[in-house]
Amino acid sequence: VQLQASGGGLVQAGGSLRLSCAASGSIFSIHAMGWYRQAPGKERELVARITDDGSTNYADSVKGRFTISRDNAKNTVYLQMNSLKPEDTAVYYCNEQLTSYAGTYLLTDDYWGQGTLVTVSS
């Protein structure tokens, strides 16, 4: 199983970006999907998460500005980021808890994407 994140870049404060993360491989089902970020010198933190029933939760710092969504048919999770601020600058990582085929078994585990850099200039 691999997760491929995309959509990062450089944007001015107040601008928008949309991140995508697609899972590929021998996937049986995807449970929770989420986005984390890590700014220089800081710990990785949860940004937003969406469960398989569509329930969402957000970090307080992004509520009302970011929206997480998922397309189960495409095994993809999105993060729409609006009204970006310089403090949103970080490497963003997608995370998916999924069940995959492992020979004759099913394996449930956490998977991480490679990270995509978001830079917000003031």
Separation between OG of Ser20 and CG of Leu79, rounded to the nearest 0.5 Å
9.5 Å

How long is the straight-line distance from CH2 of Trp35 back to SG of Cys21, given to the nearest 0.5 Å?
5.0 Å

If you measure from CZ on Arg18 to OG1 on Thr67, what distance do you get to the nearest 0.5 Å?
10.5 Å

With a 4.5 Å cut-off on side-chain heavy atoms, are Val1 and Leu98 touching?
yes

Partners of Arg44 by side-chain hydrogen bond (donor to acceptor under 3.5 Å, both in side chains), sequence neighbours excluded?
none

On a heavy-atom basis, the closest approach of Gln38 and Lys42 is NE2-O, 3.1 Å

Can a salt bridge be assigned to the pair Arg65 and Asp88 using a cut-off of 4.0 Å between side-chain N and carboxylate O?
yes

If you round to the nearest 0.5 Å, how far is OG1 of Thr116 from CZ of Arg37?
14.0 Å

Atom OG in Ser24, atom CD in Gln2: separation rounded to 0.5 Å?
5.5 Å

Does the side chain of Met81 reach to within under 4.5 Å of the side chain of Leu19, using non-hydrogen atoms?
yes

In terms of heavy-atom contacts, Val120 and Thr89 come closest through N-OG1, 2.9 Å

Can any side-chain N or O of Thr119 pair as donor or acceptor with the backbone N or O of Leu10 at less than 3.5 Å?
no

Counting C-beta onward and ignoring hydrogens, is there a side-chain heavy-atom pair between Thr51 and His31 closer than 4.5 Å?
no

Please report the shortest heavy-atom distance between Cys94 and Leu3, naming the atom on each side.
SG-CD2, 3.9 Å

Does the side chain of Asp110 come within less than 4.5 Å of Asn95's, by heavy atoms?
yes

Just by distance, do the side chain of Gln114 and the backbone of Ala5 share a donor-acceptor pair under 3.5 Å?
yes

Asp60: which residues meet the side-chain hydrogen bond (donor to acceptor under 3.5 Å, both in side chains) condition with it, sequence neighbours left out?
Lys63

Hydrophobic clusters here meaning ILVMFWY residues chained together by side-chain heavy-atom distances under 4.5 Å, can you tell me if Ile50 and Tyr78 are in one?
no

Which residues end up grouped with Val91 if you chain together Ile, Leu, Val, Met, Phe, Trp and Tyr wherever their side-chain heavy atoms are less than 4.5 Å apart?
Tyr36, Leu46, Tyr93, Trp112, Leu117

For Ser122 and Pro86, which heavy atoms make the closest approach, and how far apart are they?
CB-CG, 3.9 Å

All salt bridge (charged side-chain N to carboxylate O under 4.0 Å, His left out) counterparts of Glu87, not counting sequence neighbours
none

Is there a side-chain contact between Arg70 and Thr76 (heavy atoms, below 4.5 Å)?
no

Do Gln97 and Asp109 have side chains that approach each other closer than 4.5 Å (heavy atoms only, starting at C-beta)?
no

Output the rest of the hydrophobic cluster of Tyr101: all Ile, Leu, Val, Met, Phe, Trp and Tyr residues reachable through side-chain heavy-atom contacts under 4.5 Å, sorted by chain and number.
Phe28, Leu106

For a 4.5 angstrom cut-off between non-hydrogen side-chain atoms, does Ser69 reach Gln80?
no

What pairs of residues pass the ring-ring contact (aromatic ring centres under 6.0 Å, His included) test when at least one of them lies in residues 45-67, not counting sequence neighbours?
none

Can you check whether Ile68 reaches Val77 side chain to side chain, under 4.5 Å on heavy atoms?
yes

